[in-house]
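Presented below is the structure to which this report refers.
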Amino acid sequence: MRLPEGEWPDPYGRTRPLVKLNKTLYGIKQANREYYEEVFDFIVDDLNLQASIAAPGLFFGGNLETNGVLIPVYVDDIMIIGTSVLVASIASRLYDQFKGSWPSPCA
């Protein structure tokens, strides 16, 4: 990574200053974990779904025979399984939360 052009004063007199990243960069080891934690928090807290104990990347909620939903998450791939109305609603909320990161949901 290269720093933007400009002056970067260093209080310790280093010729190459240290900088702190405010967001995780895609492609580094920690990026997948940071992404998963953000998705996990949104699915559990905002969508009110439960995380599976046996399969950490699986979220579920409701009665699976009538109005339930399953959301398996693997790295940066997410699938929504449920009724078409529920899938559209959840896809829309996920898209709104993570704008620019996802293709637009199917209508």
Side-chain angles (χ1 to χ4, degrees):
M1 180 178 144
R2 296 191 195 283
L3 293 174
E5 292 298 322
E7 201 160 312
W8 296 89
D10 189 311
Y12 302 104
R14 292 181 286 240
T15 56
R16 294 181 56 186
L18 299 177
V19 293
K20 177 185 174 198
L21 296 175
N22 292 326
K23 283 184 113 178
T24 306
L25 295 174
Y26 186 78
I28 63 173
K29 284 185 182 182
Q30 200 65 12
N32 290 338
R33 179 170 175 75
E34 294 290 330
Y35 172 80
Y36 179 79
E37 286 177 1
E38 192 171 331
V39 169
F40 179 92
D41 290 343
F42 180 76
I43 291 174
V44 171
D45 297 337
D46 295 359
L47 297 180
N48 297 319
L49 298 178
Q50 296 177 0
S52 170
I53 294 171
L58 180 64
F59 302 90
F60 62 93
N63 179 345
L64 296 179
E65 292 181 10
T66 57
N67 64 348
V69 65
L70 286 173
I71 302 180
V73 177
Y74 181 74
V75 187
D76 61 353
D77 295 325
I78 295 178
M79 181 186 300
I80 306 167
I81 303 165
T83 64
S84 59
V85 173
L86 195 54
V87 168
S89 171
I90 290 172
S92 176
R93 290 183 65 189
L94 283 166
Y95 182 75
D96 289 344
Q97 177 69 21
F98 301 102
K99 281 186 177 91
S101 302
W102 301 44
S104 68
C106 300

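For clarity, every value in this text was computed on a predicted model and none was experimentally measured. Position 1 is the first residue of the sequence, and the numbers go up from there.
Taking CD1 of Ile71 as the reference point, atom CD1 of Ile90 lies at 4.5 Å (rounded to 0.5 Å).
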Please report, to 0.1 Å, the donor-acceptor pairs under 3.5 Å made by any side chain of residues 43-61, with sequence neighbours excluded.
residue: Ser52; atom: OG; partner: Ala54; partner atom: N; Å: 3.3
residue: Ser52; atom: OG; partner: Ala55; partner atom: N; Å: 3.1

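In terms of heavy-atom proximity, Arg93 sits nearest to Phe42 at O-CZ, 3.7 Å. Between Val87 and Ile81, the shortest heavy-atom contact is CG2-C, 4.2 Å.
Partners of Glu37 according to the salt bridge (Lys or Arg N to Asp or Glu O under 4.0 Å) rule, which considers only residues two or more places apart in sequence or in another chain, are Arg33.
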